[in-house]
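Both ligands and their constituent atoms are indexed starting at 1 by order of listing. Please read these numbers as outputs of a predicted model, since none were measured by experiment.
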Amino acid sequence: MTRATWRTRLGFVLAAVGSAVGLGNIWRFPWLTATNGGAAFLLLYLLVIVLVGVPGLVGEMVIGRRSRRNPVGAFAELGGPRWRVLGGVALVASVVVLSFYSVVGGWILRYTLASATGAYFAAPEQYFAAIDYGVGAAGFHALFLLATVAVVYAGVDRGIELATTVMVPGIVLLFGGLAVWVATLPGSGGGYEFFLSLDVAYLRDNFFSVLVAAAGQALFTLSVGAGAMLTYASYLGEDRSLAADGTIIAALNTGIGVLAGLVIFPLLFSLGVSPGEGGPGALFVGLAGAFGTLPYSRVVGVVFFGVVLLAALSSAISIMEVLVAYLVDEHALSRPRATAGVGGLFLVTGTAAALSPSLFGLLADTLANLVLTAGLLGFLLFDGWVLRRAALDEYETGAGRLARLTGRPWYYAVAVVIPLFLAFTFLTGLGAVAGVPVSAPAALALAVVGVGGAIVLLRSDTDSTA
Ligand code: PHE
(Lines give C-alpha, C1' and ligand atoms only; values in the text may rest on other atoms or scores of the structure.)
Protein backbone atom coordinates (compact mmCIF):
# COMPACT_ATOMS: atom_id res chain seq x y z
CA MET A 1 0.00 0.00 0.00
CA THR A 2 1.44 3.39 -0.92
CA ARG A 3 1.70 5.92 1.83
CA ALA A 4 -0.68 8.86 1.84
CA THR A 5 0.59 12.29 0.82
CA TRP A 6 -0.73 15.84 0.87
CA ARG A 7 -2.23 16.98 -2.38
CA THR A 8 -0.64 20.42 -2.37
CA ARG A 9 1.99 22.32 -0.49
CA LEU A 10 -0.64 24.80 0.62
CA GLY A 11 -2.66 21.88 1.93
CA PHE A 12 0.25 20.80 4.10
CA VAL A 13 0.92 24.31 5.37
CA LEU A 14 -2.74 24.86 6.22
CA ALA A 15 -2.99 21.51 7.97
CA ALA A 16 0.09 22.38 10.03
CA VAL A 17 -1.28 25.85 10.81
CA GLY A 18 -4.55 24.18 11.77
CA SER A 19 -2.61 22.00 14.16
CA ALA A 20 -0.76 24.94 15.64
CA VAL A 21 -3.72 27.30 15.96
CA GLY A 22 -6.01 26.00 18.63
CA LEU A 23 -6.94 26.21 22.26
CA GLY A 24 -3.32 27.10 22.88
CA ASN A 25 -3.82 30.44 21.16
CA ILE A 26 -7.29 31.21 22.41
CA TRP A 27 -7.72 29.60 25.79
CA ARG A 28 -4.22 29.08 27.18
CA PHE A 29 -2.48 32.14 25.75
CA PRO A 30 -4.76 34.87 27.20
CA TRP A 31 -4.84 33.11 30.53
CA LEU A 32 -1.03 32.85 30.72
CA THR A 33 -0.54 36.37 29.39
CA ALA A 34 -2.86 37.71 32.04
CA THR A 35 -1.11 35.92 34.90
CA ASN A 36 2.42 36.66 33.65
CA GLY A 37 2.40 40.41 33.29
CA GLY A 38 0.71 41.07 29.94
CA ALA A 39 3.14 42.43 27.37
CA ALA A 40 6.13 41.16 29.38
CA PHE A 41 4.94 37.65 28.63
CA LEU A 42 4.16 38.50 25.04
CA LEU A 43 7.69 39.77 24.48
CA LEU A 44 9.46 36.69 25.85
CA TYR A 45 6.98 34.43 24.12
CA LEU A 46 7.75 36.02 20.76
CA LEU A 47 11.48 35.69 21.39
CA VAL A 48 11.16 32.02 22.32
CA ILE A 49 9.03 31.37 19.23
CA VAL A 50 11.71 32.80 16.95
CA LEU A 51 14.81 31.44 18.69
CA VAL A 52 13.54 28.07 19.92
CA GLY A 53 10.13 27.35 18.39
CA VAL A 54 10.92 27.75 14.71
CA PRO A 55 14.25 25.88 14.68
CA GLY A 56 12.69 23.20 16.90
CA LEU A 57 9.69 22.84 14.61
CA VAL A 58 12.01 22.42 11.64
CA GLY A 59 14.07 19.90 13.60
CA GLU A 60 10.95 17.84 14.23
CA MET A 61 9.81 18.01 10.60
CA VAL A 62 13.26 16.99 9.37
CA ILE A 63 12.82 13.61 11.06
CA GLY A 64 9.36 13.08 9.60
CA ARG A 65 10.20 13.91 6.03
CA ARG A 66 13.50 12.05 6.07
CA SER A 67 11.89 8.83 7.27
CA ARG A 68 8.36 9.19 5.88
CA ARG A 69 7.15 7.30 8.92
CA ASN A 70 5.19 7.74 12.13
CA PRO A 71 7.33 8.77 15.13
CA VAL A 72 8.13 5.25 16.35
CA GLY A 73 8.98 3.97 12.89
CA ALA A 74 10.89 7.14 12.08
CA PHE A 75 13.36 6.79 14.92
CA ALA A 76 13.80 3.07 14.33
CA GLU A 77 14.39 3.62 10.64
CA LEU A 78 16.87 6.45 11.06
CA GLY A 79 18.65 5.48 14.25
CA GLY A 80 18.10 1.79 14.84
CA PRO A 81 15.57 -0.18 16.90
CA ARG A 82 16.52 1.12 20.32
CA TRP A 83 15.55 4.64 19.26
CA ARG A 84 11.94 3.52 19.11
CA VAL A 85 11.71 4.67 22.70
CA LEU A 86 11.92 8.28 21.52
CA GLY A 87 8.88 7.62 19.36
CA GLY A 88 7.27 6.15 22.46
CA VAL A 89 7.77 9.49 24.24
CA ALA A 90 5.90 11.15 21.38
CA LEU A 91 3.02 8.69 21.71
CA VAL A 92 2.80 9.32 25.45
CA ALA A 93 2.88 13.08 24.88
CA SER A 94 0.04 12.74 22.38
CA VAL A 95 -2.06 10.80 24.86
CA VAL A 96 -1.39 13.37 27.60
CA VAL A 97 -2.31 16.32 25.41
CA LEU A 98 -5.41 14.97 23.68
CA SER A 99 -6.85 13.52 26.91
CA PHE A 100 -7.43 16.98 28.38
CA TYR A 101 -7.69 18.80 25.07
CA SER A 102 -10.84 16.99 24.06
CA VAL A 103 -12.41 17.82 27.42
CA VAL A 104 -11.90 21.52 26.73
CA GLY A 105 -13.11 20.84 23.17
CA GLY A 106 -16.29 19.48 24.77
CA TRP A 107 -16.71 22.66 26.85
CA ILE A 108 -16.35 24.73 23.69
CA LEU A 109 -18.92 22.63 21.86
CA ARG A 110 -21.33 23.06 24.73
CA TYR A 111 -20.81 26.83 24.85
CA THR A 112 -21.38 27.10 21.11
CA LEU A 113 -24.78 25.47 21.55
CA ALA A 114 -25.55 27.27 24.82
CA SER A 115 -24.81 30.63 23.16
CA ALA A 116 -27.69 30.07 20.79
CA THR A 117 -30.12 29.83 23.69
CA GLY A 118 -28.29 32.25 25.96
CA ALA A 119 -28.15 29.57 28.64
CA TYR A 120 -25.09 30.91 30.46
CA PHE A 121 -25.78 34.65 30.16
CA ALA A 122 -27.60 35.15 33.44
CA ALA A 123 -25.21 33.35 35.80
CA PRO A 124 -21.96 32.58 33.98
CA GLU A 125 -20.00 31.46 37.00
CA GLN A 126 -22.62 29.03 38.20
CA TYR A 127 -23.13 27.74 34.67
CA PHE A 128 -19.45 26.93 34.21
CA ALA A 129 -19.18 25.40 37.66
CA ALA A 130 -22.14 23.17 36.85
CA ILE A 131 -20.81 21.87 33.55
CA ASP A 132 -17.01 21.85 33.83
CA TYR A 133 -16.53 18.34 35.17
CA GLY A 134 -18.87 15.37 35.46
CA VAL A 135 -21.09 13.22 33.31
CA GLY A 136 -22.23 16.08 31.08
CA ALA A 137 -18.65 17.12 30.45
CA ALA A 138 -17.77 13.54 29.60
CA GLY A 139 -20.65 13.43 27.13
CA PHE A 140 -19.65 16.60 25.30
CA HIS A 141 -16.06 15.42 25.31
CA ALA A 142 -17.23 12.25 23.55
CA LEU A 143 -19.04 14.32 20.91
CA PHE A 144 -15.93 16.39 20.27
CA LEU A 145 -13.92 13.20 20.02
CA LEU A 146 -16.40 11.79 17.53
CA ALA A 147 -15.93 14.81 15.26
CA THR A 148 -12.16 14.36 15.49
CA VAL A 149 -12.46 10.67 14.65
CA ALA A 150 -14.64 11.45 11.63
CA VAL A 151 -12.00 13.71 10.05
CA VAL A 152 -9.06 11.42 10.79
CA TYR A 153 -11.03 8.42 9.57
CA ALA A 154 -11.52 10.08 6.19
CA GLY A 155 -7.77 10.13 5.63
CA VAL A 156 -4.86 12.49 5.17
CA ASP A 157 -5.81 14.20 1.93
CA ARG A 158 -9.56 13.68 1.84
CA GLY A 159 -10.11 14.23 5.55
CA ILE A 160 -7.45 16.33 7.23
CA GLU A 161 -6.33 18.36 4.23
CA LEU A 162 -9.82 19.11 3.01
CA ALA A 163 -11.12 20.03 6.46
CA THR A 164 -8.24 22.30 7.40
CA THR A 165 -8.19 24.04 4.01
CA VAL A 166 -11.69 25.25 4.81
CA MET A 167 -11.25 25.75 8.54
CA VAL A 168 -8.07 27.83 8.71
CA PRO A 169 -9.19 30.64 6.37
CA GLY A 170 -12.52 30.58 8.19
CA ILE A 171 -10.77 31.12 11.51
CA VAL A 172 -8.79 34.08 10.15
CA LEU A 173 -11.84 35.75 8.60
CA LEU A 174 -14.07 35.35 11.63
CA PHE A 175 -11.45 36.49 14.12
CA GLY A 176 -10.49 39.40 11.89
CA GLY A 177 -14.15 40.45 11.79
CA LEU A 178 -14.49 40.13 15.55
CA ALA A 179 -11.30 42.16 16.15
CA VAL A 180 -12.61 45.03 14.03
CA TRP A 181 -15.98 44.95 15.74
CA VAL A 182 -14.46 44.83 19.21
CA ALA A 183 -12.43 47.97 18.45
CA THR A 184 -15.68 49.90 18.11
CA LEU A 185 -16.88 49.02 21.60
CA PRO A 186 -16.54 51.70 24.27
CA GLY A 187 -13.77 51.12 26.80
CA SER A 188 -11.85 48.58 24.74
CA GLY A 189 -8.72 50.78 24.72
CA GLY A 190 -7.49 49.47 28.07
CA GLY A 191 -7.20 46.02 26.58
CA TYR A 192 -4.75 47.10 23.90
CA GLU A 193 -2.74 48.89 26.52
CA PHE A 194 -2.58 45.84 28.76
CA PHE A 195 -1.72 43.55 25.87
CA LEU A 196 0.80 45.76 24.13
CA SER A 197 2.56 48.02 26.62
CA LEU A 198 5.55 46.64 28.40
CA ASP A 199 6.08 46.73 32.17
CA VAL A 200 9.87 46.55 32.40
CA ALA A 201 9.95 46.32 36.18
CA TYR A 202 7.64 43.32 36.16
CA LEU A 203 9.79 41.59 33.59
CA ARG A 204 12.95 42.23 35.58
CA ASP A 205 11.51 40.91 38.83
CA ASN A 206 9.94 37.79 37.35
CA PHE A 207 12.23 37.03 34.47
CA PHE A 208 12.73 33.29 34.98
CA SER A 209 9.19 32.36 35.86
CA VAL A 210 7.88 34.33 32.88
CA LEU A 211 10.52 32.71 30.67
CA VAL A 212 9.57 29.17 31.70
CA ALA A 213 5.88 29.85 31.16
CA ALA A 214 6.63 31.43 27.78
CA ALA A 215 8.79 28.49 26.72
CA GLY A 216 6.14 25.89 27.58
CA GLN A 217 3.50 27.89 25.78
CA ALA A 218 5.71 28.35 22.70
CA LEU A 219 6.10 24.58 22.29
CA PHE A 220 2.45 23.92 22.98
CA THR A 221 1.20 26.47 20.51
CA LEU A 222 3.51 25.28 17.73
CA SER A 223 2.46 21.65 18.36
CA VAL A 224 6.05 20.50 18.76
CA GLY A 225 7.32 17.70 20.97
CA ALA A 226 4.42 15.28 20.53
CA GLY A 227 5.25 14.11 17.01
CA ALA A 228 2.27 15.82 15.35
CA MET A 229 4.44 17.96 13.08
CA LEU A 230 6.78 15.02 12.52
CA THR A 231 3.84 12.94 11.33
CA TYR A 232 2.43 15.70 9.12
CA ALA A 233 5.87 16.23 7.53
CA SER A 234 6.08 12.49 6.87
CA TYR A 235 3.26 12.89 4.34
CA LEU A 236 5.22 15.39 2.27
CA GLY A 237 5.81 14.03 -1.20
CA GLU A 238 7.91 16.70 -2.78
CA ASP A 239 11.01 18.17 -1.32
CA ARG A 240 10.60 21.81 -0.59
CA SER A 241 12.30 23.86 2.05
CA LEU A 242 11.25 22.84 5.54
CA ALA A 243 12.83 26.00 6.91
CA ALA A 244 10.59 28.12 4.71
CA ASP A 245 7.51 26.10 5.59
CA GLY A 246 8.33 26.15 9.30
CA THR A 247 8.74 29.91 9.25
CA ILE A 248 5.42 30.40 7.46
CA ILE A 249 3.64 28.07 9.86
CA ALA A 250 5.04 29.82 12.94
CA ALA A 251 4.35 33.28 11.53
CA LEU A 252 0.73 32.45 10.74
CA ASN A 253 0.24 30.82 14.13
CA THR A 254 1.67 33.82 15.95
CA GLY A 255 -0.34 36.22 13.82
CA ILE A 256 -3.57 34.39 14.58
CA GLY A 257 -2.61 34.21 18.26
CA VAL A 258 -2.08 37.97 18.43
CA LEU A 259 -5.33 38.47 16.53
CA ALA A 260 -7.11 36.38 19.17
CA GLY A 261 -5.49 38.56 21.83
CA LEU A 262 -6.78 41.66 20.03
CA VAL A 263 -10.29 40.24 20.30
CA ILE A 264 -10.15 38.92 23.83
CA PHE A 265 -8.34 41.63 25.83
CA PRO A 266 -10.18 44.67 24.48
CA LEU A 267 -13.43 42.77 24.92
CA LEU A 268 -12.63 41.97 28.54
CA PHE A 269 -11.65 45.55 29.29
CA SER A 270 -14.64 46.97 27.54
CA LEU A 271 -16.84 44.77 29.71
CA GLY A 272 -14.97 45.58 32.90
CA VAL A 273 -13.68 42.05 33.55
CA SER A 274 -10.13 41.61 34.85
CA PRO A 275 -8.20 39.33 32.47
CA GLY A 276 -6.49 37.30 35.19
CA GLU A 277 -9.68 36.11 36.82
CA GLY A 278 -10.60 32.49 36.87
CA GLY A 279 -7.48 30.71 35.52
CA PRO A 280 -8.43 28.05 33.00
CA GLY A 281 -12.06 29.07 33.30
CA ALA A 282 -11.34 32.70 32.35
CA LEU A 283 -12.56 32.30 28.81
CA PHE A 284 -15.75 30.65 29.91
CA VAL A 285 -16.60 32.79 32.91
CA GLY A 286 -15.18 36.27 32.31
CA LEU A 287 -15.55 36.47 28.59
CA ALA A 288 -18.56 34.29 28.01
CA GLY A 289 -20.42 35.87 30.89
CA ALA A 290 -19.81 39.27 29.44
CA PHE A 291 -21.31 38.28 26.10
CA GLY A 292 -24.73 38.47 27.72
CA THR A 293 -24.44 42.24 28.10
CA LEU A 294 -23.59 42.88 24.44
CA PRO A 295 -25.94 43.68 21.60
CA TYR A 296 -26.62 40.57 19.48
CA SER A 297 -25.23 38.54 22.36
CA ARG A 298 -26.34 35.17 21.01
CA VAL A 299 -24.88 35.74 17.57
CA VAL A 300 -21.62 36.95 19.10
CA GLY A 301 -21.46 33.89 21.34
CA VAL A 302 -22.17 31.41 18.57
CA VAL A 303 -19.65 33.01 16.20
CA PHE A 304 -16.95 33.30 18.84
CA PHE A 305 -17.26 29.78 20.22
CA GLY A 306 -17.83 28.40 16.73
CA VAL A 307 -14.43 29.72 15.60
CA VAL A 308 -12.78 28.36 18.70
CA LEU A 309 -14.40 25.00 18.01
CA LEU A 310 -12.94 24.92 14.49
CA ALA A 311 -9.52 25.82 15.83
CA ALA A 312 -9.68 23.14 18.52
CA LEU A 313 -10.82 20.49 16.10
CA SER A 314 -8.06 21.14 13.58
CA SER A 315 -5.51 20.71 16.40
CA ALA A 316 -7.10 17.62 17.89
CA ILE A 317 -6.99 15.81 14.56
CA SER A 318 -3.24 16.34 14.30
CA ILE A 319 -2.67 14.73 17.69
CA MET A 320 -4.93 11.80 16.91
CA GLU A 321 -3.13 11.30 13.60
CA VAL A 322 0.13 10.59 15.47
CA LEU A 323 -1.35 7.47 17.06
CA VAL A 324 -3.29 6.43 13.97
CA ALA A 325 -0.16 6.70 11.81
CA TYR A 326 1.69 4.59 14.34
CA LEU A 327 -0.91 1.80 14.24
CA VAL A 328 -1.18 1.93 10.45
CA ASP A 329 2.59 1.91 9.82
CA GLU A 330 3.83 -0.34 12.59
CA HIS A 331 0.96 -2.72 13.16
CA ALA A 332 -0.46 -2.84 9.65
CA LEU A 333 -3.94 -1.89 10.82
CA SER A 334 -6.32 -0.36 8.31
CA ARG A 335 -7.03 3.32 8.86
CA PRO A 336 -10.65 2.72 9.92
CA ARG A 337 -9.62 0.15 12.50
CA ALA A 338 -6.74 2.24 13.79
CA THR A 339 -8.98 5.29 14.10
CA ALA A 340 -11.63 3.35 15.94
CA GLY A 341 -9.07 1.94 18.34
CA VAL A 342 -7.51 5.31 19.06
CA GLY A 343 -10.96 6.86 19.48
CA GLY A 344 -11.76 4.17 22.03
CA LEU A 345 -8.57 4.87 23.96
CA PHE A 346 -9.35 8.58 24.22
CA LEU A 347 -12.93 7.87 25.16
CA VAL A 348 -11.50 6.25 28.29
CA THR A 349 -8.68 8.68 29.12
CA GLY A 350 -10.71 11.79 28.26
CA THR A 351 -13.67 10.58 30.31
CA ALA A 352 -11.33 10.15 33.27
CA ALA A 353 -10.10 13.74 32.83
CA ALA A 354 -13.68 15.00 32.42
CA LEU A 355 -14.68 13.38 35.71
CA SER A 356 -11.65 14.37 37.75
CA PRO A 357 -10.61 18.03 38.03
CA SER A 358 -7.33 17.04 39.65
CA LEU A 359 -6.40 14.67 36.83
CA PHE A 360 -7.38 17.35 34.34
CA GLY A 361 -5.22 19.93 36.09
CA LEU A 362 -2.27 17.60 36.24
CA LEU A 363 -2.47 16.87 32.52
CA ALA A 364 -3.19 20.39 31.30
CA ASP A 365 -1.00 22.40 33.59
CA THR A 366 2.17 20.53 34.28
CA LEU A 367 2.44 17.22 32.48
CA ALA A 368 1.73 18.71 29.06
CA ASN A 369 4.60 21.18 29.34
CA LEU A 370 6.95 18.54 30.65
CA VAL A 371 6.26 15.85 28.05
CA LEU A 372 6.42 18.28 25.14
CA THR A 373 9.71 19.69 26.41
CA ALA A 374 11.17 16.22 26.95
CA GLY A 375 9.97 15.10 23.52
CA LEU A 376 11.47 18.02 21.67
CA LEU A 377 14.71 17.74 23.63
CA GLY A 378 15.04 14.12 22.51
CA PHE A 379 14.14 14.93 18.89
CA LEU A 380 16.74 17.68 18.64
CA LEU A 381 19.55 15.68 20.23
CA PHE A 382 18.68 12.97 17.73
CA ASP A 383 18.97 15.46 14.86
CA GLY A 384 22.23 16.84 16.16
CA TRP A 385 24.07 13.72 17.25
CA VAL A 386 22.54 10.73 15.49
CA LEU A 387 21.46 12.11 12.12
CA ARG A 388 24.18 14.76 12.10
CA ARG A 389 25.10 15.51 8.48
CA ALA A 390 21.87 13.91 7.28
CA ALA A 391 19.85 16.39 9.34
CA LEU A 392 21.65 19.27 7.69
CA ASP A 393 21.15 17.70 4.26
CA GLU A 394 17.45 17.39 4.93
CA TYR A 395 17.34 21.01 6.08
CA GLU A 396 19.05 22.12 2.88
CA THR A 397 16.91 20.02 0.58
CA GLY A 398 14.80 22.28 -1.56
CA ALA A 399 16.17 25.31 0.25
CA GLY A 400 16.89 28.55 -1.50
CA ARG A 401 19.88 30.73 -0.81
CA LEU A 402 18.70 32.10 2.48
CA ALA A 403 17.85 28.73 3.95
CA ARG A 404 21.27 27.45 2.88
CA LEU A 405 22.97 30.26 4.71
CA THR A 406 21.01 29.47 7.85
CA GLY A 407 21.81 25.75 7.69
CA ARG A 408 24.88 25.73 9.91
CA PRO A 409 23.57 28.13 12.53
CA TRP A 410 20.39 26.05 12.61
CA TYR A 411 22.40 22.88 13.10
CA TYR A 412 24.33 24.22 16.08
CA ALA A 413 21.22 25.71 17.59
CA VAL A 414 19.44 22.38 17.35
CA ALA A 415 22.39 20.24 18.45
CA VAL A 416 23.55 22.29 21.44
CA VAL A 417 21.94 25.61 22.29
CA ILE A 418 18.26 24.72 22.21
CA PRO A 419 18.73 21.41 24.08
CA LEU A 420 20.44 23.38 26.86
CA PHE A 421 17.53 25.77 26.98
CA LEU A 422 14.96 22.96 26.96
CA ALA A 423 16.78 21.05 29.68
CA PHE A 424 16.86 24.23 31.73
CA THR A 425 13.13 24.87 31.44
CA PHE A 426 12.39 21.17 31.95
CA LEU A 427 14.31 21.07 35.22
CA THR A 428 12.80 24.31 36.45
CA GLY A 429 9.32 23.05 35.57
CA LEU A 430 9.94 19.67 37.16
CA GLY A 431 11.18 21.33 40.34
CA ALA A 432 8.02 23.42 40.50
CA VAL A 433 5.82 20.33 40.11
CA ALA A 434 7.75 18.32 42.66
CA GLY A 435 7.62 21.18 45.13
CA VAL A 436 11.41 21.57 45.25
CA PRO A 437 12.08 24.89 43.58
CA VAL A 438 15.28 24.72 41.54
CA SER A 439 17.16 28.02 41.37
CA ALA A 440 18.11 29.32 37.94
CA PRO A 441 21.88 28.76 38.37
CA ALA A 442 21.28 25.23 39.69
CA ALA A 443 18.97 24.39 36.78
CA LEU A 444 21.50 25.76 34.34
CA ALA A 445 24.34 23.77 35.87
CA LEU A 446 22.27 20.58 35.80
CA ALA A 447 21.25 21.25 32.20
CA VAL A 448 24.87 21.67 31.14
CA VAL A 449 25.88 18.45 32.86
CA GLY A 450 22.89 16.49 31.51
CA VAL A 451 23.01 17.69 27.92
CA GLY A 452 26.81 17.62 27.85
CA GLY A 453 26.80 14.05 29.15
CA ALA A 454 24.21 13.00 26.58
CA ILE A 455 26.24 14.52 23.77
CA VAL A 456 29.43 12.77 24.88
CA LEU A 457 27.62 9.44 25.03
CA LEU A 458 25.96 9.90 21.65
CA ARG A 459 29.19 10.91 20.01
CA SER A 460 31.18 7.95 21.23
CA ASP A 461 28.26 5.69 20.37
CA THR A 462 27.88 6.78 16.77
CA ASP A 463 31.65 6.95 16.29
CA SER A 464 32.04 3.33 17.24
CA THR A 465 29.15 2.10 15.11
CA ALA A 466 29.91 4.30 12.10
N1 PHE B 1 -0.89 23.62 19.11
C2 PHE B 1 -2.14 23.21 19.62
C3 PHE B 1 -2.86 24.42 20.20
O4 PHE B 1 -2.30 25.46 20.34
C5 PHE B 1 -2.04 22.12 20.63
C6 PHE B 1 -1.18 20.96 20.26
C7 PHE B 1 -0.11 20.60 21.06
C8 PHE B 1 -1.42 20.22 19.11
C9 PHE B 1 0.71 19.54 20.73
C10 PHE B 1 -0.60 19.15 18.77
C11 PHE B 1 0.46 18.80 19.58
O12 PHE B 1 -4.01 24.35 20.55
Based purely on interatomic distance, does [X] place a nitrogen or oxygen under 3.5 Å from a nitrogen or oxygen of ligand 1?
X      : result
Ala228 : no
Leu222 : no
Leu372 : no
Phe220 : yes

- prompt: Between Ala93, Ser19, Gly105, Ser314, which one has a non-hydrogen atom sitting closest to atom 2 (C) of ligand 1?
  reply: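 Comparing heavy atoms across Ala93, Ser19, Gly105, Ser314, the nearest one to atom 2 (C) of ligand 1 lies in Ser19.
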The one among Gly227, Ala368, Ser223 that brings a heavy atom closest to atom 11 (C) of ligand 1: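 Comparing heavy atoms across Gly227, Ala368, Ser223, the nearest one to atom 11 (C) of ligand 1 lies in Ser223.
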query: Out of curiosity, is Trp27 lining ligand 1, as in a heavy atom under 4.0 Å away?
result: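 Trp27: no contact with ligand 1 (<4.0 Å).
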message: For Val307, run the side chain to side chain contact (heavy atoms under 4.5 Å, CB included) check against Ile171, Leu173, Thr112, Val302 and tell me which one passes.
response: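 The side chain to side chain contact (heavy atoms under 4.5 Å, CB included) with Val307 is passed solely by Ile171 among Ile171, Leu173, Thr112, Val302.
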query: Between the side chains of Ser314 and Thr164, is a donor N or O closer than 3.5 angstrom to an acceptor N or O?
result: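 There is no such pair (donor and acceptor under 3.5 Å, judged by atom type) between the side chains of Ser314 and Thr164.
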Under a 4.0 Å threshold between the charged nitrogen and the carboxylate oxygen, would [Y] count as salt-bridged to [X]?
X      : Y      : result
Asp239 : Arg68  : yes
Arg65  : Glu60  : no
Arg7   : Glu161 : no

- prompt: Closest non-hydrogen protein atom to atom 12 (O) of ligand 1, residue and atom name please, with distance?
  reply: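 So the nearest neighbour among protein heavy atoms is Tyr101 OH, 2.4 Å.
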- prompt: Hey, is CZ on Arg9 packed in by over 12 heavy atoms from elsewhere, all under 6.0 Å?
  reply: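 Counting other residues, nucleotides and ligands, CZ of Arg9 exceeds 12 neighbours.
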- request: Check whether more than 12 heavy atoms from other residues, nucleotides or ligands sit under 6.0 Å from atom OH of Tyr192, and answer yes or no.
  value: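 Count over threshold, so yes.
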Which of the atoms in ligand 1, numbered in the order shown and given with their element, are less than 4.0 Å from a heavy-atom of [X]?
X     : answer
Gly22 : 3 (C), 4 (O), 12 (O)
Ala20 : 1 (N), 2 (C), 3 (C), 4 (O)
Leu23 : 12 (O)

message: Any non-hydrogen side-chain atom of Ile108 less than 4.5 Å from a side-chain atom of Leu23?
response: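 They are in side-chain contact.
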